Asker: 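Supplied in structure tokens, the structure appears directly below.
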Amino acid sequence: GSSEILVNLIDDEKQNHLLRSIEVAGQSQLALVNDILDMSKIESGKFNIDENPYDLNHLITNIKQIFSVHSQDAGLQLKIIQQIKPDFQLIGDKQRIEQVLINLLGNAIKFTEKGTIVLTISSHQNRLLFSVQDSGIGIPREVRSQLFQRFQQADQSISRRFGGSGLGLYVSHSLVGMMQGSIDVESVEGVGSTFTINLP
């Protein structure tokens with residue numbers, strides 16, 4: 001929070017670059033702590049999903065605000081395609097849906113050097129679909145079945161090259177399952193990946 005305030009107060013480009021590095025590092029540490037806490041609560045059976053009315057348009061606006069600058073800093077284009085625009089509230093856990101989307105979009109940006117990240121929101125047979133598509137490094141077919149296990153990444157070089165704990169997808173998969181949904185992944189190495197969330 002302090003680094004965000006300082007970025008707006010200081011005009012020096014070099015100092016701003018350092019401040020943004022501090023900000024990103026702080027966000028990464030916070031995400032790691034939150035993932036560990038969530039994993040502990042999930043495995044102890046003490047994690048609760050709250051079902052309340054929420055505004056889908058507001059959720060998408062929040063996601064756009066979070067990632068518009070992040071994607072620009074990474075030299076990527078972020079597209080949000082909203083094929084469903086309900087004029088009514090949905091029922092679900094808005095905070096946890098946002099958490100999963102933040103994880104998937106963060107991964108998409110992390111593993112994409114150039115190109116576009118596309119978030120598509122649609123519906124099918126009373127199901128809400130979120131699709132996150134990237135033009136990144138892709139995922140080998142032989143390791144896709146392990147992606148949603150805790151502390152698991154595609155291979156050891158991923159952790160050395162990109163960092164990360166291997167907890168984000170495990171927590172996301174668990175949260176979506178607790179919301180009576182599913183996550184599917186399609187990927188081609190060197191072309192990109194698409195993660196699709198399917199929720200009631």
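Please read all numbers here as calculations on a predicted model, not as lab measurements. Heavy atoms only: backbone and side chains are in, while hydrogens, waters and symmetry mates are out.
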Asker: Would Ile60 and Phe130 count as a side chain to side chain contact (heavy atoms under 4.5 Å, CB included) here? Give the steps.
Answerer: CA-CA 11 Å; Ile60 300 307; Phe130 296 91; 4.2 Å; yes
Asker: Just how far is it from atom CD1 of Ile137 to atom OG of Ser193, taken to the nearest 0.5 Å?
Answerer: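 Here the interatomic distance stands at 7.5 Å.
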Asker: After noting the C-alpha distance and the side-chain angles of Ile121 and Ile80, does the key distance pass the side chain to side chain contact (heavy atoms under 4.5 Å, CB included) rule?
Answerer: CA-CA 8 Å; Ile121 306 98; Ile80 297 181; 3.9 Å; yes
Asker: Asp134 side chain to Ile117 main-chain N or O, any donor-acceptor pair under 3.5 Å?
Answerer: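 Pair absent, no side-chain N/O of Asp134 close to backbone of Ile117.
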Asker: With a 4.5 Å limit on heavy-atom distance, are the side chains of Asn107 and Phe195 in contact?
Answerer: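 Not touching, per the 4.5 Å side-chain cut-off.
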Asker: Of all the heavy-atom pairs spanning Leu199 and Gly181, show the shortest one and how long it is.
Answerer: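 Looks like CD2-CA, 4.1 Å.
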Asker: Could you report the tightest heavy-atom contact between Leu119 and Ile63, atom names first, then the distance?
Answerer: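 Here Leu119 and Ile63 meet closest at CD2-CG2, 4.1 Å.
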Asker: Hey, quick one: are Ile84 and Leu90 part of the same hydrophobic cluster, counting side-chain heavy atoms closer than 4.5 Å, chains of contacts allowed?
Answerer: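 Yes; Leu90 is reachable from Ile84 via cluster members.
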Asker: Looking at Asp11, I want to see if its CG is surrounded by more than 12 non-hydrogen atoms of other residues, nucleotides or ligands under 6.0 Å.
Answerer: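 No, CG of Asp11 has 12 or fewer neighbouring heavy atoms, counting only those of other groups under 6.0 Å.
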Asker: Among residues two or more places apart or on two chains, list those pairs meeting ring-ring contact (aromatic ring centres under 6.0 Å, His included) that have a residue in residues 173-194.
Answerer: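 For residues 173-194: Phe148-His173.
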Asker: Are Leu129 and Val185 grouped together when hydrophobic residues (ILVMFWY) are joined by side-chain heavy atoms under 4.5 angstrom apart?
Answerer: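 No, separate clusters.
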Asker: Would you give the length of the straight line joining atom OG of Ser182 to atom CG of Asn198, rounded to the nearest 0.5 angstrom?
Answerer: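 Interatomic distance, Ser182 OG to Asn198 CG, rounded to 0.5 Å: 4.5 Å.
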Asker: Should Ile49 and Gln180 count as side-chain neighbours, where that means a heavy-atom distance under 4.5 Å?
Answerer: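 Not touching, per the 4.5 Å side-chain cut-off.
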Asker: Side chains of Lys94 and His58: closer than 4.5 Å at any heavy-atom pair?
Answerer: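 Yes, close enough: below the 4.5 Å cut-off.
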Asker: Supply the atom-to-atom distance Glu4 CD to Ile22 CD1, rounded to the nearest 0.5 angstrom.
Answerer: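 So the gap between those two atoms works out to 12.5 Å.
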Asker: Looking at Gln89 and Pro53, what are the two nearest heavy atoms and their distance?
Answerer: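 Minimum heavy-atom contact is OE1-CB, 3.2 Å.
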Asker: Can you tell me how far apart CZ (Arg96) and OG (Ser174) are? Round to the nearest 0.5 Å.
Answerer: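 It comes to 12.0 Å.
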Asker: Let me confirm one number: the CG-CZ distance from Leu76 to Phe67, rounded to the nearest 0.5 Å.
Answerer: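 CZ of Phe67 is found 12.0 Å from CG of Leu76.
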Asker: Could you tell me whether Glu186 atom CD has more than 12 heavy atoms of other residues or ligands within 6.0 Å of it?
Answerer: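 Not buried by this count: 12 neighbours or fewer within 6.0 Å.
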Asker: Can you name the residues that form a side-chain contact (heavy atoms from CB on, under 4.5 Å) with Lys79, not counting sequence neighbours?
Answerer: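 Lys79 satisfies side-chain contact (heavy atoms from CB on, under 4.5 Å) with Gln77, Thr116, Val118 once adjacent residues are dropped.
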Asker: Indicate the atoms forming the closest heavy-atom contact of Thr194 with Ser131, along with that distance.
Answerer: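 Where Thr194 meets Ser131 most closely, the heavy atoms are CG2-OG, 3.3 Å.
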Asker: Distance check, rounded to the nearest 0.5 Å: Thr61 atom OG1 versus Leu56 atom CG?
Answerer: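 Answer for the OG1-CG pair, Thr61 versus Leu56, is 9.0 Å.
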Asker: Run the side chain to side chain contact (heavy atoms under 4.5 Å, CB included) check on Ile66 and Leu105 step by step: do they pass?
Answerer: CA-CA 10 Å; Ile66 292 169; Leu105 285 164; over 6 Å; no
Asker: Could you tell me whether the side chain of Leu104 reaches within less than 4.5 Å of the side chain of Ile197, counting heavy atoms only?
Answerer: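 Yes, at least one pair of side-chain atoms sits under 4.5 Å.
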Asker: Output, in order, the C-alpha distance, side-chain angles, deciding distance and verdict of side chain to side chain donor-acceptor pair (under 3.5 Å) for Asp93 and Gln99.
Answerer: CA-CA 10 Å; Asp93 194 326; Gln99 181 178 347; over 6 Å; no
Asker: Under the side chain to side chain contact (heavy atoms under 4.5 Å, CB included) criterion, do Val171 and Val100 qualify, and how do the steps go?
Answerer: CA-CA 8 Å; Val171 170; Val100 174; over 6 Å; no
Asker: Is the CD atom of Glu13 crowded by more than 12 outside heavy atoms at less than 6.0 Å?
Answerer: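 No, CD of Glu13 has 12 or fewer neighbouring heavy atoms, counting only those of other groups under 6.0 Å.
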Asker: Is any side-chain heavy atom of Glu98 closer than 4.5 Å to one of Leu59?
Answerer: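 Leu59 reaches Glu98 side chain to side chain.
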Asker: Which atom names give the shortest non-hydrogen contact between Ile139 and Ser187, and what distance separates them?
Answerer: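 Minimum heavy-atom separation between Ile139 and Ser187: N-OG, 2.7 Å.
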Asker: Report the residues that fulfil salt bridge (Lys or Arg N to Asp or Glu O under 4.0 Å) with Glu189, sequence neighbours left out, ordered by chain and then residue number.
Answerer: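 Result, salt bridge (Lys or Arg N to Asp or Glu O under 4.0 Å) vs Glu189: none returned.
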Asker: Met178 and Ile97: same hydrophobic cluster, using ILVMFWY side-chain contacts below 4.5 Å?
Answerer: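 In one cluster: yes.
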Asker: If I compare all heavy atoms of Ser122 with all of Gln83, which pair ends up nearest, and what's the gap?
Answerer: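 Residues Ser122 and Gln83, closest heavy atoms: CB-OE1, 3.3 Å.
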Asker: Looking at side-chain heavy atoms only, is the closest gap between Asn57 and Gln82 below 4.5 Å?
Answerer: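 They are in side-chain contact.
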Asker: When you measure from the side chain of Thr112 to the backbone N and O of Ile109, does any donor-acceptor pair fall under 3.5 Å?
Answerer: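 No, because the side chain of Thr112 does not come within donor-acceptor range (under 3.5 Å) of the backbone of Ile109.
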